[in-house]
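Working notes, structure below.
Per chain, numbering begins at 1; letters A, B, ... match sequence-line order. These figures come from a predicted structure and were not determined experimentally.
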2 protein chains.
Amino acid sequence: MIKLTSAEENYLKAVYHLSEEGKKNVSTNDISAEMKTKPASVSDMLRKLSEKQVIDYRKYYGVNITEEGKKYALQVIRKHRLWEVFLVEKLRFAWDEVHEVAEELEHIKSPILIQRLDEFLGHPKFDPHGDPIPDEFGDVKARPRLPLNELELNDGGQIVAVKDSSAAFLRYLDKVGAYIGARIKVLDKVEFDGSLEILVDNKKTLFMSKDVAANILVLQQ
Amino acid sequence: MIKLTSAEENYLKAVYHLSEEGKKNVSTNDISAEMKTKPASVSDMLRKLSEKQVIDYRKYYGVNITEEGKKYALQVIRKHRLWEVFLVEKLRFAWDEVHEVAEELEHIKSPILIQRLDEFLGHPKFDPHGDPIPDEFGDVKARPRLPLNELELNDGGQIVAVKDSSAAFLRYLDKVGAYIGARIKVLDKVEFDGSLEILVDNKKTLFMSKDVAANILVLQQ
DNA sequence: ATATAAATTTAGATATGGCTAAATAAATAT
DNA sequence: ATATTTATTTAGCCATATCTAAATTTATAT
Ligand SMILES: [Mn+2]
Ligand SMILES: [Mn+2]
Ligand SMILES: [Mn+2]
Ligand SMILES: [Mn+2]
């Protein structure tokens, strides 16, 4: 069992997330952008992660996460999302306030702590942003979901997650009344700029840009 | 508002605790023992804490915590003890399992987190080891308490805290059935070695060494 | 095919926090 | 009063994690 520092865990998580977005060889620059550090720092870290065999690294050609690496990444993600649930469900945090704190809490090293927290929360399956919580073995129950902007005219569905978890985006959703669980229907798609008119809960309509819609994930129904 | 690193917070807490034990000028070696680091590392850290004005430091003559330093130390202690309560009350940790995890959790930086945690726990006044939890202003409600070995023959009282919070000591107390809240009475004091015979909850008697008794704090009644 | 641009890595610096060994100051004993 | 012991500090080293600037490799355009 290798040990990872908090910084290593953060980088590994970034590599995992970027890998999930389809990319085969995750690039130094992509990681640098994700981590808000300089490419030079990334190169250094990749060497370390490679030595610990949680990533496959070929200089100049990007990295791929290993099976072993995935396990570690998924445990950190599990902790992150369980803590987010705790903050929202038990401490009445808003969903736009949890990310940064969870970013710290996810590094607390205590197997019993996370097991008990999971129990205490009633084994939640999704975090406040609709993202699935891996189980203790790293298994993830993925729901089929697609960006709202990819729905066709008159398609209906339910908001199940957000892609962007930034406070700015989440507060915007709060303001316009979009939330996880909301039933939606596409009333109009503007050809010119891809913006949409959406019916929410059969009650009110909502106009949103394509950019906003692309960050709202729906289960088509 | 200065910022302290986790390491600085740990050292400052150590200085605070040693100061509370009466000592005027806390020595480098005492801190070194408390922190389980080498005296050379302590000297280095004292310079840093002194620059941040949370301690008064005169080389070779030991340190004293400043008023400003006390405030910071008490906030870390507050967080430590609140997390301990959380672990025991909500996550069913045993009182001998919480210290190390709280040692990490106490460094999470989020004012709202600790305020909400306090609320969630119902504003507890004492931690699982009977130690008082400072309020948000750093005020501590101290209970009068003295080591059990200082009680006289036939004196009675109630266990209100433990001095040593090590797992070994706490598990020993569990084993013999001593706990916080227990009513006790001194049935015998052995002159030879200072060991005691104690009546617990008017039910069973208990023999303990002077060393053990010195780490049990009672409210005399 | 070569020149240029972009991406990436390396080199060298800084900051934190730890260590050992050597130097120095203070305390103690003769 | 001086020598010895103990406590403390300083110097120099290592590891982690970041940075900037320079070097190098790969990709792109002409
Ligand atoms: Mn993190
Ligand atoms: Mn989330
Ligand atoms: Mn700590
Ligand atoms: Mn405690």
Taking only residues two or more places apart in sequence or in another chain, which ones pass salt bridge (Lys or Arg N to Asp or Glu O under 4.0 Å) with Lys52(B)?
-> Glu8(B)
Got a sec, which residues hit ring-ring contact (aromatic ring centres under 6.0 Å, His included) with His107(A), two or more places apart in sequence or on another chain?
-> none
Range on DNA chain D touched by chain B, heavy atoms, distance below 4.0 Å | dA7(D) to dT10(D)
Report the residues that fulfil salt bridge (Lys or Arg N to Asp or Glu O under 4.0 Å) with Lys90(B), sequence neighbours left out, ordered by chain and then residue number.
-> none
Heavy-atom neighbours of Gln53(A) CD exceed 12 at 6.0 Å | no
Please list, by residue number, the residues of residues 51-62 of chain B whose heavy atoms come closer than 4.0 Å to an atom of DNA chain D; answer none if no residue qualifies.
-> Tyr57(B), Lys59(B), Tyr60(B)
Which residues pass the salt bridge (Lys or Arg N to Asp or Glu O under 4.0 Å) test with Glu100(A), sequence neighbours left out?
-> none
Residue pairs involving residues 133-144 of chain A (criterion side-chain hydrogen bond (donor to acceptor under 3.5 Å, both in side chains); sequence neighbours excluded) = none
Report yes if the side chains of Asn10(A) and Lys13(A) come closer than 4.5 Å at any heavy-atom pair, otherwise no.
-> yes
If we ignore angles and hydrogens, is there a donor and acceptor under 3.5 Å between the side chains of Tyr60(B) and Thr28(B)?
-> no
What pairs with His129(A) under ring-ring contact (aromatic ring centres under 6.0 Å, His included), at least two apart in sequence or on another chain?
-> none
Indicate, with a heavy-atom threshold strictly under 4.0 Å, whether Asp44(B) touches base, sugar-phosphate, or nothing.
-> nothing
Sorted by number, residues from residues 26-34 of chain A placing a heavy atom under 4.0 Å from DNA chain D are none
What nucleic acid atoms does Ser41(B) come within less than 4.0 Å of, heavy atoms only: base, sugar-phosphate, or nothing?
-> base
For Thr37(B), answer base if it contacts any base atom (sugar-phosphate contacts may also be present), sugar-phosphate if it contacts only those atoms, and nothing otherwise; contact means non-hydrogen atoms under 4.0 Å.
-> sugar-phosphate
For residues Asn64(B) and Asn25(B), determine if any side-chain heavy atom of one lies less than 4.5 Å from a side-chain heavy atom of the other.
-> yes
Results of side chain to side chain contact (heavy atoms under 4.5 Å, CB included) for Ala94(A) - residues two or more places apart only = Asp96(A), Glu97(A)
Which residues share a ring-ring contact (aromatic ring centres under 6.0 Å, His included) with Phe86(A), sequence neighbours left out = Trp83(A), Phe86(B)
Within 6.0 Å of NZ in Lys109(A), more than 12 heavy atoms from elsewhere | yes
Stretch residues 4-20 of chain A: residues that reach within less than 4.0 Å of DNA chain C through a heavy atom = none
